Amino acid sequence: MYVTNVRELKKNPSEAMRQARQAPVLIMKGDQPDSLLVHLDESLTQTVSGLRPALAASLYREGLMSLGKASKLSGLAMSDFIRHLGHLGIEIVTVDETTAYEVKDLSPWLS
C-alpha cells in the first residue's frame, strides 16, 4: 500500500492516482491516517481486499482491536500484517509505565 501525506498529495496528485491503480492509497495528515484513495475501475472484491488491511491497521493503532483480531480482519497472515504495520509506522510494542515491571517478571522465563 502506498502512503502519502496531504502536502505530497497537493504537490503530485497524479502519483497518488497512479499508485491507487495498484492498491488503495493511505493519506496521512500529520502522523495520523486521514483518508483512503481507491481507484474506481477495480472490482468490488479487489477494493474490499485492499481496504481490509487499512481498516485493520487503523483499528489496531487506536487500540480498538488486538493484533490477532486486526490480522484476521486484514485477511493477511500475522507476519504480513506486522510488516504492513511497520510500513505504516505503527508500532507493535508500546512502552508505558508497566513495561519495566513486565520485563522484570519475564526475566526468569527468558534465562
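Because the structure is predicted, anything quoted here is derived from the model rather than measured.
- Using a 4.5 Å heavy-atom cutoff, the side chains of L67 and I82 are in contact.
- Closest non-hydrogen pair, P33 versus L26, comes out as CB-CD1, 3.8 Å.
- To the nearest 0.5 angstrom, D34 atom CG is 12.0 Å from T4 atom OG1.
- The shortest non-hydrogen separation linking V25 to A20 is CG2-N, 3.5 Å.
- Rounded to the nearest 0.5 angstrom, K29 NZ and L9 CG are separated by 12.5 Å.
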Check residues 53-62 and write down every donor-acceptor pair under 3.5 Å in which the side-chain atom is one partner and the other belongs to a residue at least two apart or another chain.
| unit_1 | atom_1 | unit_2 | atom_2 | d |
| --- | --- | --- | --- | --- |
| Y60 | OH | I92 | O | 2.9 |
| R61 | NH1 | Q32 | OE1 | 2.6 |

Derivation of the side-chain contact (heavy atoms from CB on, under 4.5 Å) call for L76 and H84
CA-CA 9 Å; L76 300 173; H84 176 67; 4.2 Å; yes
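- Taking all atoms of both residues into account, the shortest heavy-atom contact from R52 to K72 is NH2-O, 3.9 Å.
- Linking Ile, Leu, Val, Met, Phe, Trp and Tyr residues whenever their side-chain heavy atoms come within less than 4.5 Å leaves L73 and M78 in two separate clusters.
- In this structure, CZ on F81 lies 7.0 Å from CD1 on I90, to the nearest 0.5 angstrom.
- Going from atom CE of M65 over to atom OG of S74 covers 10.0 Å, rounded to the nearest 0.5 Å.
- Using a 4.5 Å cut-off on side-chain heavy atoms (C-beta onward), V3 and M28 make contact.
- The neighbour count for M17 CE, taken as heavy atoms of other residues, nucleotides or ligands under 6.0 Å away, does not exceed 12.
- Between V38 and L51 there is a side-chain heavy-atom pair separated by less than 4.5 Å.
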